[in-house]
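Owing to the predicted nature of the structure, the values given are computational and were not obtained by experimental measurement. Every chain is numbered from 1 and lettered A, B, ... according to where its sequence line falls, protein lines coming before strand lines.
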Protein chains: 2
Amino acid sequence: MSEQSAESKQLRVVVADDQAAVREPLAAVLGLADDIEVVAAASDGSEVLAAVAAGPVDVVLMDLRMPVMDGIEATRRLGEEFPDVAVVVLTTFADDDSILGALGAGARGYLTKNAGRQDITRAIRAAAAGQSVLDREVQDRLLATARTKAPAQGPQQGQSLPADLTRREREVLALIGQGLPNRGIAERLFISEATVKTHINNLFAKADIRDRADAVRRAIEAGLA
Amino acid sequence: MSEQSAESKQLRVVVADDQAAVREPLAAVLGLADDIEVVAAASDGSEVLAAVAAGPVDVVLMDLRMPVMDGIEATRRLGEEFPDVAVVVLTTFADDDSILGALGAGARGYLTKNAGRQDITRAIRAAAAGQSVLDREVQDRLLATARTKAPAQGPQQGQSLPADLTRREREVLALIGQGLPNRGIAERLFISEATVKTHINNLFAKADIRDRADAVRRAIEAGLA
DNA sequence: CCCGATCTCCACCCATGGGTCCAGGTGCCA
DNA sequence: TGGCACCTGGACCCATGGGTGGAGATCGGG
């Protein structure tokens with residue numbers, strides 16, 4: 001997720017769009033950024049897979065509507081065969097099916113075509129770094145979809161954890177929920193294993209958690225993991 | 001959304017975190033970016049509102065858990081009174097309530113504390129440009145929440161587990177997922193604890209499960225618990 | 001009739017987890 | 001200037017978990 005030195009790494013990008021009138025100028029303008037190198041252009045999903053297989057690629061800038069193999073399918077296959085390649089979707093459509101389909105297939109970014117050059121380059125850099133960049137409207141749709149179902153769905157949701165848990169205790173619980181052993185938690189938080197155990201003892205007592213397995217369940221239940 | 005010229009505009013940023021040990025170095029390191037200027041530091045939500053009211057501000061980097069007024073409430077009020085100010089959340093927690101709460105209150109970005117300097121500065125620039133930047137885990141949670149409701153997903157039972165698990169191994173896994181210790185599992189199945197351990201060893205190997213915590217997660221994921 | 005899969009159980013070993021008690025340091029607030 | 005909450009850490013103890021190797025019993029199918 002994090003990198004220490006400046007964005008010095010050269011990002012190898014594949015541009016995929018079935019319309020040459022979009023693809024060519026896009027590739028040209030991206031090449032202007034000195035940390036981005038457009039290593040291939042593709043006009044459908046299978047060409048993307050071929051290009052990625054041919055050489056090292058960091059990010060694919062992907063249109064969704066393409067003949068032969070569409071962008072969602074290509075994204076899905078990339079995730080299976082080349083999980084280290086990040087996909088940023090660039091399309092004119094921002095309907096729920098496209099958004100959920102693409103992100104569900106593993107896309108890290110989703111831009112609409114009113115995004116500017118800066119927006120696109122930024123999304124490419126973010127995706128390469130493991131972040132996700134969405135256009136505002138996309139974000140809003142995604143959020144709206146998520147919110148219609150999540151809130152107030154059951155009585156056990158909100159107060160599943162006592163309120164008097166400390167910051168540190170919550171962090172520890174979250175990491176337990178992610179399956180880390182005490183040593184791993186200690187390393188992650190830059191504290192000693194003894195301290196981790198102290199936090200665990202305290203939070204187990206406060207939240208009435210019996211053991212680690214119970215803690216994992218509670219963490220997942222509370223959405224911490 | 002788009003801007004044509006390079007990122008020449010100086011971004012005025014407010015850093016909000018109740019822990020000075022986090023706030024101070026964060027503000028310092030952000031000032032290193034030549035297009036970012038930290039114009040204020042705040043230790044709770046009301047200080048954020050005061051700082052924004054005092055001078056022109058482009059982006060607020062906001063912690064969630066703060067005394068007096070928390071980050072979500074502050075974000076909500078900023079949206080009402082200063083809709084042009086973008087909020088990027090930077091917190092240690094990535095639970096559903098926090099994510100949906102913050103984004104629902106209008107935050108444009110959501111980062112966890114394992115984000116590096118580049119990640120944070122990128123998110124600030126994106127937010128100022130109207131984009132949304134999320135950490136990968138945050139994006140995954142948001143997507144998972146959105147997907148559980150949107151598509152008609154029927155009973156998705158055991159596809160996440162290998163098919164060659166025996167009946168007994170599945171039973172044991174389910175009981176692990178319910179938080180039972182080996183002795184409890186043994187009693188439940190009327191077998192000895194030694195046998196339970198044997199099953200556990202076998203199923204861990206088959207399903208590539210590392211330890212009990214991992215098993216709990218897998219069991220829940222597979223719908224066994 | 002033997003083979004293989006499954007279930008059952010044992011002994012042994014060591015790492016990890018969970019509990020207890022204690023104590024120093026910090027920062028905040030009355 | 002106290003007290004208090006929180007984070008940090010150490011020592012110690014014992015229970016549990018996880019791994020290895022082996023072994024006997026049952027049952028079904030080739």
Side-chain angles (χ1 to χ4, degrees), chain A residues 162-219, chain B residues 17-25 41-44 46-47 63 65-69 92-93 113 162-219:
Chain A
D164 64 330
L165 285 188
T166 289
R167 211 189 183 88
R168 238 5 182 190
E169 288 161 355
R170 281 192 138 82
E171 288 182 275
V172 169
L173 178 56
L175 293 173
I176 288 178
Q178 285 160 33
L180 292 184
N182 290 345
R183 183 178 304 127
I185 296 174
E187 289 170 0
R188 197 69 103 67
L189 298 180
F190 304 106
I191 58 181
S192 87
E193 204 176 325
T195 305
V196 173
K197 293 177 115 188
T198 302
H199 288 314
I200 289 179
N201 272 308
N202 292 335
L203 89 86
F204 277 19
K206 282 186 190 174
D208 190 34
I209 296 175
R210 290 184 301 282
D211 51 30
R212 188 158 283 248
D214 199 15
V216 172
R217 299 170 39 113
R218 300 286 295 276
Chain B
D17 196 307
D18 62 327
Q19 299 175 290
V22 173
R23 188 177 61 238
E24 310 293 356
S43 60
D44 81 283
S46 54
E47 290 186 22
D63 187 26
R65 315 231 171 190
M66 294 186 292
V68 186
M69 184 192 300
T92 54
F93 306 107
K113 71 144 193 220
D164 63 333
L165 287 187
T166 66
R167 164 186 302 272
R168 232 17 177 184
E169 287 161 356
R170 280 193 141 78
E171 290 181 276
V172 170
L173 178 55
L175 294 174
I176 289 179
Q178 286 159 34
L180 292 183
N182 290 345
R183 183 181 304 124
I185 296 174
E187 288 169 1
R188 195 72 95 74
L189 298 179
F190 304 106
I191 59 181
S192 87
E193 202 177 326
T195 306
V196 174
K197 295 178 93 175
T198 301
H199 289 314
I200 288 178
N201 271 309
N202 291 335
L203 88 87
F204 277 19
K206 283 185 190 174
D208 191 34
I209 295 174
R210 290 184 303 282
D211 51 31
R212 189 159 284 246
D214 199 14
V216 172
R217 304 178 35 182
R218 299 284 295 275

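Taking atom CG of residue Asp214(B) and atom P of nucleotide dG17(D), one finds them 16 Å apart after rounding to whole Å. Remark: P of dG19(D) and CD1 of Ile209(B) are 11 Å apart, rounded to the nearest angstrom. Remark: P of dC7(C) and CD of Glu171(B) are 8 Å apart, rounded to the nearest angstrom. When rounded to the nearest whole Å, the span between CZ of Arg170(A) and C1' of dC7(D) equals 17 Å. Rounded to whole angstrom, the span from the CD1 atom of Ile200(B) across to the C1' atom of dC9(C) amounts to 15 Å. Regarding Lys197(A), its NZ atom lies at a distance of 13 Å from the P atom of dC13(D), rounded to whole Å. In this structure, Arg167(A) atom CZ and dG27(C) atom C1' are separated by 14 Å, rounded to whole Å. Going from atom CD of Gln19(B) over to atom P of dC7(D) covers 9 Å, rounded to whole Å.
With DNA chain C read from its 5' end, the first of the two nearest nucleotides for Asp18(B) and Thr198(A) is the one closest to Thr198(A). Nearest-nucleotide positions on DNA chain C for Glu169(B) and Asp211(B) put Glu169(B) closer to the 5' end.
One finds a side-chain N or O of Thr195(B) lying less than 4.0 angstrom from the OP1 or OP2 phosphate oxygen of dC9(C). Remark: Thr166(A) is not in phosphate contact with dA5(D), judged by side-chain N or O atoms under 4.0 Å from OP1 or OP2.
Of the candidate nucleotides dC7(C), dG18(C), dG9(D), dG18(C) has the atom nearest to the side chain of Arg212(A). Relative to the side chain of His199(B), the nucleotides dC7(D), dG17(C), dT8(C) differ in distance, and dT8(C) lies closest.
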Anything under 3.5 Å between a donor and an acceptor, one on a side chain of residues 184-192 of chain A, the other on a protein residue two or more places apart or in another chain? List them.
{"unit_1": "Ser192(A)", "atom_1": "OG", "unit_2": "Ala194(A)", "atom_2": "N", "d": "3.2"}
{"unit_1": "Ser192(A)", "atom_1": "OG", "unit_2": "Thr195(A)", "atom_2": "N", "d": "3.2"}
{"unit_1": "Ser192(A)", "atom_1": "OG", "unit_2": "Thr195(A)", "atom_2": "OG1", "d": "3.3"}

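Annotation: side chain of Arg212(A) is in contact with side chain of Ile176(A) (closest heavy-atom distance under 4.5 Å). Using a 4.5 Å cut-off on side-chain heavy atoms (C-beta onward), Thr166(A) and Asn202(A) make no contact. Within the 4.5 Å cutoff, the side chain of Asp211(A) has heavy atoms near those of the Asp214(A) side chain. Considering only heavy atoms from C-beta on, Ile209(A) comes within 4.5 Å of Leu173(A) through its side chain.
Residues from residues 201-208 of chain B lying near DNA chain D, meaning a heavy-atom separation below 4.0 Å, are Asn201(B), Phe204(B) in numerical order. Residues from residues 173-193 of chain A placing a heavy atom under 4.0 Å of any atom in DNA chain D, listed by number, are Ile191(A), Ser192(A).
Across every non-hydrogen atom of Ala20(B) and Pro25(B), the tightest pair is O-CD, 3.8 Å.
Among the candidates Asp208(B), Ile200(B), Asn201(B), the single residue satisfying the side-chain contact (heavy atoms from CB on, under 4.5 Å) test with Phe204(B) is Ile200(B).
Under the 3.5 Å distance criterion, the side-chain polar atoms of Lys197(B) are left unmatched by any main-chain donor or acceptor of Asn182(B). Between the side chain of Arg218(B) and the backbone N or O of Ala207(B), at least one donor-acceptor pair lies under 3.5 Å.
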